Amino acid sequence: MSTTLPSEPEIIEAVMNTVAYTATEVRQGLIGRRGTVDAENPSGETQLEADVWADRLLRERLSNVDGVAEYASEESDRILECGDSAGLSVATDPLDGSSNLQSNNTMGTIVGVYDEPLPARGTRLVAAAYVLYGPIVTMMIATDEGVSEYELGGGERSLIEDDVTLPDEPVVYGVGGRAQHWPAAIVDYVREIETELKLRYGGAMIGDVNQVMTYGGLFAYPTLEPHPEGKLRLQFEGNPIGYILEQAGGASSNGHRSLLEVEPTELHQRTPVYIGNEEYIERLEAALAD
Ligand code: AHM
Ligand code: MG
């Protein structure tokens, strides 16, 4: 029997197909799973039945994809070693914005595919994707070749747009956390940009990021007084989203440099996240440098 690994594009394709058909089941399974379980994730957040369930489904499926060496998730401490160590590493946020389940609002699934063991720098991403559970389930996939958007139905993905790029004229912005906890430089920056852009904040990063991808603008989750590291996680949220935005012609930052250049020290490390049109990221970095 041959032990040859599939090629990198073949592994990426298999991962994306697996996420696409699993996402249809994730959405279906949200019904009846809005309650909490008696457990916390590694970031100390109470887990919902839906978080645990989505993680279990993705873990089972993705760890069985030929060429996937590691599976790690926001919902678990442990990296699952699942194949030839020469393969790719998959990091997921199985249900991003799951607190929106209570109010029946948008949520997402995020996936990053790295060509190194985790935790890895964002420059080691070879692909990233997110699924948006909106009125329609859509999937945005970025590879080194560019960004494409799909609609998901019945486990299949159908292409809506090839070569997705960020619109040139920014329209929307959203900033997470309570304004009273933002650093003074962010308060001033928001005061400035709110005269230029329309506020859109939905409480699930994927929903807000997808609005930026659609209309142009900025999404931010800054450092907060009680959370000086920020809220979002580098491996599972910051890096994949930074990669998708940069591949679409936008920019990403932790406030000082591209998210993809941040050196990871821990699997569940948090980071401030700023993504959007280059002009807004540049102005933000300048505001924080003052
Ligand atoms: P989660 O992945 O545990 O659901 O947490 C991440 C979410 C993001 O989707 C969103 O941007 C942020 O937390 C919302 O936080 P807040 O409720 O502070 O606005
Ligand atoms: Mg999340």
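Numbers for residues simply follow the sequence, beginning at 1. Here the structure is a predicted model, which means the values were calculated and not measured. Atoms within each ligand, like the ligands themselves, are counted from 1 in listed order.
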Please state which protein non-hydrogen atom is closest to atom 9 (O) of ligand 1 and give its distance, to 0.1 Å? Met205 N, 2.6 Å

Considering just N/O/S atoms, say which atom of Asp93 is closest to the Mg ion (ligand 2). OD2

Could you give the distance from OH (Tyr150) to CD (Glu161), rounded to the nearest 0.5 Å? 11.5 Å

So, regarding Phe219 and ligand 1 (criterion: nitrogen or oxygen to nitrogen or oxygen, under 3.5 Å), is there a contact or not? no

Is it the case that one hydrophobic cluster holds both Met140 and Leu218, taking links as side-chain heavy atoms less than 4.5 Å apart, direct or via other members? yes

Which residue owns the protein heavy atom closest to atom 4 (O) of ligand 1, what's the atom, and how far is it? Gly97 N, 2.7 Å

Any idea which atoms of ligand 1 are less than 4.0 Å away from a heavy-atom of Asp93? 2 (O)

Under 3.5 Å, side chain of Ser43 to main-chain N/O of Glu45, donor-acceptor pair present? no

For the CG atom of Leu197 and the CD atom of Glu169, what is their distance to the nearest 0.5 Å? 11.5 Å

Numbering as shown, the atoms of ligand 1 that approach Asp96 to under 4.0 Å (heavy-atom distance): 2 (O), 4 (O), 6 (C), 8 (C), 9 (O)

Among all protein heavy atoms, pick out the one at the shortest distance from atom 12 (C) of ligand 1; state its residue, atom name and that distance to 0.1 Å. Lys231 NZ, 3.8 Å

Between Glu261 and Arg121, is a salt bridge (Lys or Arg N to Asp or Glu O under 4.0 Å) present by the stated rule, with each step listed? CA-CA 6 Å; Glu261 281 161 18; Arg121 271 166 78 117; 5.7 Å; no

Expected output: side-chain Asp96 to main-chain Ile206 donor-acceptor under 3.5 Å: yes

If you measure every N or O of Tyr221 against every N or O of ligand 1, does any of those distances drop under 3.5 Å? yes

Looking only at the side chains, is there a donor atom on one of Tyr71 and Ser89 sitting less than 3.5 Å from an acceptor on the other? no

Within less than 4.0 angstrom of ligand 1, does Leu232 place any heavy atom? yes

Is it true that some N/O/S atom of Glu237, main chain or side chain, lies under 2.8 Å from the Mg ion (ligand 2)? yes

Counting heavy atoms only, which part of Asn41 comes closer than 4.0 Å to ligand 1: side chain, backbone, both or neither? neither

Please check: side-chain N/O of Arg59 versus main-chain N/O of Ser73, any donor-acceptor pairing under 3.5 Å? no

Do any heavy atoms of Arg233 fall under 4.0 Å from ligand 1? yes

Is it true that a side-chain atom of Asn100 and a backbone atom of Gly202 form a donor plus acceptor pair closer than 3.5 Å? yes

Using the six-membered ring of Tyr280, assess whether NZ or CZ of Arg283 lies under 6.0 Å from its centre and within 45 degrees of the ring axis. yes

Does any N/O atom on Glu74 come nearer than 3.5 Å to any N/O atom on ligand 1? yes

Of all N, O or S atoms in Asp96, identify the one at the shortest distance from the Mg ion (ligand 2). OD1

Hey, which atoms in ligand 1 end up nearer than 4.0 Å to a heavy atom of Ala204? 9 (O)

Report yes if some N/O of Glu45 lies less than 3.5 Å from some N/O of ligand 1; otherwise report no. yes

Quick one: look up the protein heavy atom nearest atom 19 (O) of ligand 1 and list residue, atom name and how far away it is. Tyr201 OH, 2.5 Å

Does ligand 1 have any atom sitting under 4.0 Å from a heavy atom of Glu237? yes

Between CZ of Arg157 and OG1 of Thr24, what distance do you get to the nearest 0.5 Å? 11.5 Å

